[in-house]
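Chain letters run A, B, ... following the sequence lines, proteins first, then strands; residues in each count from 1.
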Protein chains: 2
Amino acid sequence: MTVSADYLKDALETLKDSGVRITPQRHAILEYLISSMTHPTADEIYKALESRFPNMSVATVYNNLRVFREVGLVKELTYGDASSRFDFVTHEHYHIICEDCGKITDFQYPGLDEIEQFASHVSGYQISHHRLEVYGLCPECANNKVN
Amino acid sequence: MTVSADYLKDALETLKDSGVRITPQRHAILEYLISSMTHPTADEIYKALESRFPNMSVATVYNNLRVFREVGLVKELTYGDASSRFDFVTHEHYHIICEDCGKITDFQYPGLDEIEQFASHVSGYQISHHRLEVYGLCPECANNKVN
DNA sequence: TTCTAAATTAATAATCATTATTAATAAATA
DNA sequence: TATTTATTAATAATGATTATTAATTTAGAA
């Protein structure tokens with residue numbers, strides 16, 4: 001079983017291999033992304049690290065999230081709302097999003113390759129990947145609705 | 001087989017039933033959404049109607065797209081890029097998006113209810129709907145890559 | 001028809017996430 | 001050590017979308 005520490009170790013390795021310098025800011029952003037399971041926005045990361053890096057700029061967070069995206073360490077999630085969320089890439093998974101509180105829950109589901117093949121067949125596209133999200137009410141919010 | 005004219009007729013009916021006034025601007029925006037198969041942005045709609053409505057404001061386009069969304073006539077599509085795209089709602093379908101030119105092609109695929117049930121089961125969420133997109137290269141762009 | 005209230009529009013200002021710019025700093029390498 | 005390069009921080013700029021507000025249009029009552 002891979003734990004957080006290993007994810008971080010592997011991520012730093014990936015950066016090193018890609019010729020990207022490992023700065024204290026990058027280390028902290030990565031650490032936060034891995035430890036928090038909340039798919040945070042850039043601003044949330046910024047605020048979370050404010051006490052440790054009082055001088056860090058929001059732009060630095062954005063810049064490094066872009067760097068991480070480019071080397072494949074994070075995925076940018078864009079839903080209808082204002083800002084992007086960032087997800088540390090571990091294994092393939094999908095998201096269930098609560099329409100009330102915005103919480104994002106991971107789940108795995110196998111075998112959607114079939115859809116890609118079908119799409120390729122009917123459209124003539126060369127498929128590279130797909131994106132799937134499920135929307136609904138999380139148990140807490142569903143419960144609140146009842147009361 | 002339902003044709004464009006019928007879609008428009010039904011859409012106007014929906015507006016009427018919802019107590020939403022049918023203004024010339026709304027008529028034109030709807031007409032454009034239905035006729036163009038390009039999933040346009042608000043700005044594209046604005047520019048397309050500029051000659052017929054020289055005084056129309058961009059805000060009017062946004063306002064009315066929101067009204068249409070609220071009565072269920074259009075869906076707002078948010079991808080990674082800058083601006084939302086708007087899709088007139090006819091039958092359920094999915095999108096294949098070209099990663100090169102941004103073209104959006106519709107396709108239909110049955111029976112993804114199973115995923116919703118699975119997601120509900122593992123997460124405890126009350127599922128309302130899902131969203132799926134497939135990404136790749138359209139035939140034209142794939143061809144250009146070769147040359 | 002005329003009057004009144006409500007809805008809609010147009011113009012414009014405001015907001016807010018993200019990106020660009022640039023000077024200062026830190027790190028890698030010669 | 002000297003020099004080049006990457007990175008940061010601060011800030012300005014951008015651009016999509018929303019809010020505000022006054023003017024206009026429409027629907028329905030009198």
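Looking at which nucleotide of DNA chain D each of A:R21 and B:T23 is closest to, the 5′-most match is held by A:R21. Between B:N55 and B:V20, it is B:V20 whose nearest contact on DNA chain C lies nearer the 5' terminus.
A distance-only check finds no donor-acceptor pair linking the side chain of B:T60 to the backbone of B:M56 [under 3.5 Å]. Remark: side-chain polar atoms of B:H129 are not paired, donor with acceptor, to backbone N or O of B:I127 under 3.5 angstrom. Looking at B:S18, its side chain never comes within 3.5 Å of a backbone N or O of B:V20 through a donor-acceptor pair. In terms of modelled atom types and a separation under 3.5 Å, the side chain of A:S120 and the main chain of A:E116 share no donor-acceptor contact.
Looking at B:R69 and B:S84, their side chains never bring a donor and an acceptor atom within 3.5 Å of each other. The closest side-chain donor-acceptor pair between B:H130 and A:Y94, if any, does not fall under 3.5 angstrom.
Heavy-atom distances under 4.0 Å link DNA chain C to no residue of residues 24-36 of chain A.
When the side chain to side chain donor-acceptor pair (under 3.5 Å) test is applied to B:T105, the partners found at least two apart in sequence or on another chain are A:Y125.
Ion pairing between B:E140 and B:K103 holds under the 4.0 Å rule for side-chain N and carboxylate O.
Applying the side chain to side chain donor-acceptor pair (under 3.5 Å) test to every pair with at least one member in residues 39-49 of chain B, sequence neighbours left out, gives these pairs: B:H39-B:H95, B:H39-B:D106, B:D43-B:K47. The salt bridge (charged side-chain N to carboxylate O under 4.0 Å, His left out) contacts involving residues 20-38 of chain B comprise B:E31-B:R52, where partners must be two or more places apart or lie in separate chains.
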Below 3.5 Å between N/O atoms, which protein atoms pair up with nucleotides 15-19 of chain C? Just atom names and distances, please.
from	atom 1	to	atom 2	distance (Å)
C:dT18	OP1	A:S84	N	2.9
C:dT18	OP1	A:S84	OG	3.4
C:dT18	OP2	A:Y62	OH	2.2
C:dT18	O5'	A:Y62	OH	3.4

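The footprint of chain A on DNA chain D, defined by a heavy-atom cutoff below 4.0 Å, extends from D:dT5 to D:dT11.
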